[in-house]
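Here is the structure we will look at, set down as structure tokens.
Quantities reported herein were computed from a predicted structural model and do not represent experimental measurements. Numbers here simply count residues along the sequence, with the first being 1.
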Amino acid sequence: QAKKKTTHQNSKKKHRHEQNKNQNTPEQQQKKRRHERQEGLGEKNPAQEKIRLEEGISASETALTTARQNAADTQEQLRILQNNITELETNIRKRTSRCTDLSTQFIQNLTKHDFRDEETYRTALLPQEEREQLTKALHQQQERQTTILAQLKDKTQLLQDERQKKLTEETPEKLHTLLETCQQQQKECQQSIGALRQQLETNQQQKHIRAAHINKIEAHEREYKRWKQLHDLIGSSDGKKYRNFAQGLTFEVMIAHANRQLQKMTDRYILLHDTIQALELNVLDKYQADEIRPTRNLSGGESFIVSLALALGLSQMASQNVRVDSLFLDEGFGSLDEEALDSALETLASLHQDGKLIGLISHVPAIQERISTQIRVIPHSGGKSRLSGSGCKACEESTS
């Protein structure tokens, strides 16, 4: 309907165009157009009518485009169907010809194998299930045959490649003999390897056992070393080492006390404990670049000073358990020079100030001059002597 309406409008426009050509003046043409518009529109709004007509034209054009596209699609489908029909007809003709040939061949095979007709042939056929199993087995055999043929081809090619290498000129018989020999040697080698592996396993087990024994031995050796060290220090069958060890400890304490007393008399010497002999004494001489000297190399004065320091140290040790208030020194002062004598007397004086009773037995005049309290021993005939001095009665006599 929209198409008819569009055609009618085009006819009217064409008619108006022809009429306009026959008009002579613009005023007449305009008047005629107004008249025609009033006849065509009547009381309708020209703008709305224009919009309505434009919308109708647009819808008609869209419908026309869709119809044309549908027609083109239909034509394409028709062409495809015609081609399919042609192909199917061709296949039918081929299959018909093939069926005719197969029918003829089937009849010939029936006659060839003494079958009267098709029914007799069908009766002689195997059951469908059995035929399917045989067909499946045939396919499997064919696939296996294909695989074997492919492997045969590969092996043949590999054999040809190996033959072209010409690795040896020996005959197959000789190579076979050589192969048997090599196989025998291989077998012997494998047996030897097995024996060696067994030996290795046994050796590994023995190594573990030996390692355990070594650990035990090391533990015993450590214990032995500990006891041996203790034995070396203090052990012996008669107890001498232990006595020396214990006496050495006491000796070290006495040396420490003696060194404190020795420092009061002189800064030259330091008493040391011998590292080899437990009860031997050495002297470090600071004035001789810290030379360590044995006590037997000391002079008379040096020996007296060292002996005095040891005596004082020993008395200090004894006073820790038993009170020692008296100390008597017999001679030795005559070997001292004046400076050493002064140091010794000052040390003894300091002990006297601490409440100790110090007795000196000496013939040295310097000692007599410096000590006020004296007891003199005056010899007489007949092996007798007389004491005189503080605390002695005049009538008392004593044998010397």
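Under 3.5 Å, the side chains of Gln263 and Asp267 contain no donor-acceptor pair of N or O atoms. Using modelled atom types and a 3.5 Å distance limit, the side chains of Asn91 and Glu87 yield no donor-acceptor pair. If you check the side chains of Arg260 and His257, you find a donor sitting under 3.5 Å from an acceptor.
For residues 129-143, the set of pairs meeting the side-chain hydrogen bond (donor to acceptor under 3.5 Å, both in side chains) definition, not counting sequence neighbours, comprises Gln128-Arg131, Gln128-Glu132. Pairs passing the ring-ring contact (aromatic ring centres under 6.0 Å, His included) check and including a residue from residues 48-106, sequence neighbours excluded, read Phe106-Tyr121.
Between the CD atom of Glu55 and the OG atom of Ser60 there is a distance of 11.5 Å, given to the nearest 0.5 Å. Rounding to the nearest 0.5 angstrom, the gap separating the CG atom in Leu138 from the CG atom in Leu134 is 8.5 Å. Separating the CD1 atom in Ile148 from the CD atom in Gln145 is a distance of 8.0 Å, to the nearest 0.5 Å. In this structure, CG in Leu158 is found 12.5 Å from CD in Gln151, a value given to the nearest 0.5 Å. Ile107 contributes atom CD1, which lies 7.5 Å from atom OG1 of Thr111 (distance to the nearest 0.5 angstrom).
Arg95 is linked by a side chain to side chain donor-acceptor pair (under 3.5 Å) to nothing, counting only residues two or more places apart in sequence or in another chain. Contacts of Arg68 classified as salt bridge (Lys or Arg N to Asp or Glu O under 4.0 Å), with partners at least two apart in sequence or in another chain: none. Residues satisfying the salt bridge (Lys or Arg N to Asp or Glu O under 4.0 Å) test with Lys207, not counting sequence neighbours, are none. Every residue two or more places apart in sequence or in another chain that forms a side chain to side chain donor-acceptor pair (under 3.5 Å) with Thr90 is listed here: Arg93. Partners of Glu223 according to the salt bridge (Lys or Arg N to Asp or Glu O under 4.0 Å) rule, which considers only residues two or more places apart in sequence or in another chain, are Arg226. Here Thr120 pairs with Asp117 under the side chain to side chain donor-acceptor pair (under 3.5 Å) rule; sequence neighbours left out. Evaluation of the salt bridge (Lys or Arg N to Asp or Glu O under 4.0 Å) rule for Arg268 yields Asp285 as partners, not counting sequence neighbours. For Tyr224, there are no ring-ring contact (aromatic ring centres under 6.0 Å, His included) partners at least two apart in sequence or on another chain.
Side-chain contact between Lys153 and Leu149 is absent, with no heavy-atom pair separated by less than 4.5 Å. Here the side chains of Gln199 and Leu196 are in contact, with some heavy-atom distance below 4.5 Å. For the pair Gln204/Glu201, no side-chain contact is recorded, criterion being any heavy-atom separation below 4.5 Å from C-beta on.
Summarising the geometry of Ser385 relative to Pro379, their closest heavy-atom pair is CB-CA, 3.8 Å, with the distance given to 0.1 Å. Residues Asn282 and Pro294 approach most closely at OD1-CA, 3.6 Å, considering heavy atoms. Shortest non-hydrogen contact noted between Met254 and Leu310 is CE-CD2, 3.9 Å. Taking each heavy atom of Leu262 and Tyr269 in turn, the nearest pair found is CD2-O, 3.4 Å.
When Asp73, Thr65, Thr66 are each tested for a side-chain hydrogen bond (donor to acceptor under 3.5 Å, both in side chains) with Gln69, only one passes: Asp73.
Linking ILVMFWY side-chain heavy atoms closer than 4.5 Å, directly or via other members, places Val253 and Ile255 in a single hydrophobic cluster.
Applying the under-4.5 Å side-chain rule to Ile, Leu, Val, Met, Phe, Trp and Tyr, the cluster around Leu284 extends to Ile270, Leu272, Ile292.
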Fill in: Step-by-step side-chain contact (heavy atoms from CB on, under 4.5 Å) determination, Ser97 to Asp101
CA-CA 6 Å; Ser97 176; Asp101 295 338; 3.9 Å; yes

Practice prompt. Start with the C-alpha distance between Glu76 and Arg79, add both sets of side-chain angles, then the distance that settles side-chain contact (heavy atoms from CB on, under 4.5 Å), and finish with yes or no.
Written response: CA-CA 5 Å; Glu76 181 64 24; Arg79 184 184 64 78; 2.3 Å; yes

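Atom CD1 of Ile375 has 12 or fewer neighbouring heavy atoms from other residues, nucleotides or ligands inside a 6.0 Å radius.
Judged by distance alone, with hydrogens and angles left aside, the side-chain atoms of Ser58 form no donor-acceptor pair with the main-chain N or O of Glu54 at under 3.5 Å.
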Would you give me the side-chain donor-acceptor pairs under 3.5 Å for residues 182-192, sequence neighbours excluded?
none

